[in-house]
Participant: 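Once you've had a glance at the structure underneath, I'll fire off some questions.
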Amino acid sequence: MPRSDEASAFFYAVYSAVQEIPPGKVTSYGHIAKLIGTPQRPRQVGVCLKHLPSDPEARFNNATVPWQRVINSRGIISPRSQPSGSRNQAAALEAEGVTVTTGPLGELMVNLAEFGWFPRILPSEEAEGLEPEDSSDDDED
DNA sequence: CAGTTGACCCCCG
DNA sequence: GCGGGGGCCAACT
């Protein structure tokens, strides 16, 4: 649990943003951080998910927040302390129809070109011309 | 109470 | 494309 109200607000912002990820899609910690207006703290996003309550009575819990849809920027399920955790995340994604492949080193990878979720980008980024899609020609969807 | 850790990311050679 | 380094900050030792 967060020790301050400010931290709690951040936690809630993260959980709310994660809930916006549609089933069958994945996004990155950094993307979530950007969405809630704190692009400098992708790490804290991971902290929030790590401390996601299992208590069904909680406002946000591991059943109502699709934590499994958040992976790292490289399209790989971030390894954590317990290997069973990342493996469990992979299983949860597979259950949603997301194909998870295992790399040569045992990394659990997701094809971002197919399962990546990038519809919500900050207006400032669009102004910078950093749009994720190109109208001229594209090869995915 | 000072120092580490970590479900991360981006910049620079 | 790979390795090093900096930044971020709650939780933990």
Participant: Using a heavy-atom distance cut-off of less than 4.0 Å, which residues of residues 62-76 of chain A contact DNA chain B?
Facilitator: A:W67, A:N72, A:S73

Participant: Take A:V14 and A:F60, measure what side chain to side chain contact (heavy atoms under 4.5 Å, CB included) needs, and give me the verdict at the end.
Facilitator: CA-CA 10 Å; A:V14 170; A:F60 294 102; over 6 Å; no

Participant: Holding to side-chain contact (heavy atoms from CB on, under 4.5 Å), I want the full list of residues that pass it with A:A13, two or more places apart in sequence or in another chain.
Facilitator: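 Partners of A:A13 by the side-chain contact (heavy atoms from CB on, under 4.5 Å) criterion, ordered by chain and then number, come out as A:I36.
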
Participant: C:dA10 P sits how many Å from A:Y29 OH, rounded?
Facilitator: 18 Å

Participant: With rounding to whole Å, what would you report as the distance between B:dC10 and C:dG1 at their P atoms?
Facilitator: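 Rounded to whole Å, the distance is 16 Å.
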
Participant: Could you give the start and end, 5' to 3', of the contact zone on DNA chain B for chain A, using atoms under 4.0 Å from its heavy atoms?
Facilitator: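 Footprint of chain A along DNA chain B, 5' to 3': B:dG6 to B:dC10.
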
Participant: If you take any heavy atom closer than 4.0 Å to DNA chain C, which residues from residues 41-50 of chain A end up in contact?
Facilitator: A:R41, A:R43, A:Q44

Participant: Assess A:R59 against A:Y12: is NZ or CZ under 6.0 Å from the centre of the six-membered ring, and within 45 degrees of the ring's axis?
Facilitator: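 Flagged: A:R59 positioned over aromatic ring of A:Y12.
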
Participant: Please determine whether residues A:L35 and A:F11 belong to a single hydrophobic cluster, defined as Ile, Leu, Val, Met, Phe, Trp and Tyr linked transitively by side-chain heavy-atom distances below 4.5 Å.
Facilitator: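 Same cluster: A:L35 reaches A:F11 through Ile, Leu, Val, Met, Phe, Trp or Tyr contacts under 4.5 Å.
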
Participant: Once rounded to the nearest 0.5 Å, what's the spacing between atom CG of A:N72 and atom NE2 of A:H31?
Facilitator: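 Going from the CG atom of A:N72 to the NE2 atom of A:H31 covers 15.0 Å.
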
Participant: Just checking A:T38: base, sugar-phosphate only, or nothing, at a heavy-atom cut-off of under 4.0 Å?
Facilitator: nothing

Participant: For the pair A:K25 and A:E96, evaluate salt bridge (Lys or Arg N to Asp or Glu O under 4.0 Å) and give the outcome as yes or no after the intermediate values.
Facilitator: CA-CA 9 Å; A:K25 292 290 182 181; A:E96 293 187 341; over 6 Å; no

Participant: Measure the spacing between CD of A:Q89 and CG of A:L108 and express it to the nearest 0.5 Å.
Facilitator: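 Output value for this atom pair is 8.5 Å.
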
Participant: Could you work out, with side-chain contact (heavy atoms from CB on, under 4.5 Å) as the rule, every residue matching A:Q44, not counting sequence neighbours?
Facilitator: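 A:F10, A:R41, A:V47.
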
Participant: Mind checking the P distance from B:dT4 to C:dG6? Whole angstroms is fine.
Facilitator: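 Pairwise P distance, B:dT4 against C:dG6, rounds to 15 Å.
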
Participant: Are any side-chain N or O atoms of A:Y15 and backbone N or O atoms of A:C48, one a donor and one an acceptor, separated by less than 3.5 Å?
Facilitator: yes

Participant: Of all residues at least two apart in sequence or in a different chain, which pass the side-chain contact (heavy atoms from CB on, under 4.5 Å) check with A:E107?
Facilitator: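 Partners of A:E107 by the side-chain contact (heavy atoms from CB on, under 4.5 Å) criterion, ordered by chain and then number, come out as A:I76, A:P104, A:L105, A:M109.
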
Participant: Check whether any side-chain N or O of A:Q68 sits under 3.5 Å from a backbone N or O of A:A91 as a donor-acceptor pair, and report yes or no.
Facilitator: no

Participant: Rounded to the nearest Å, what distance is computed from the CD atom of residue A:Q40 to the C1' atom of nucleotide C:dA10?
Facilitator: 17 Å

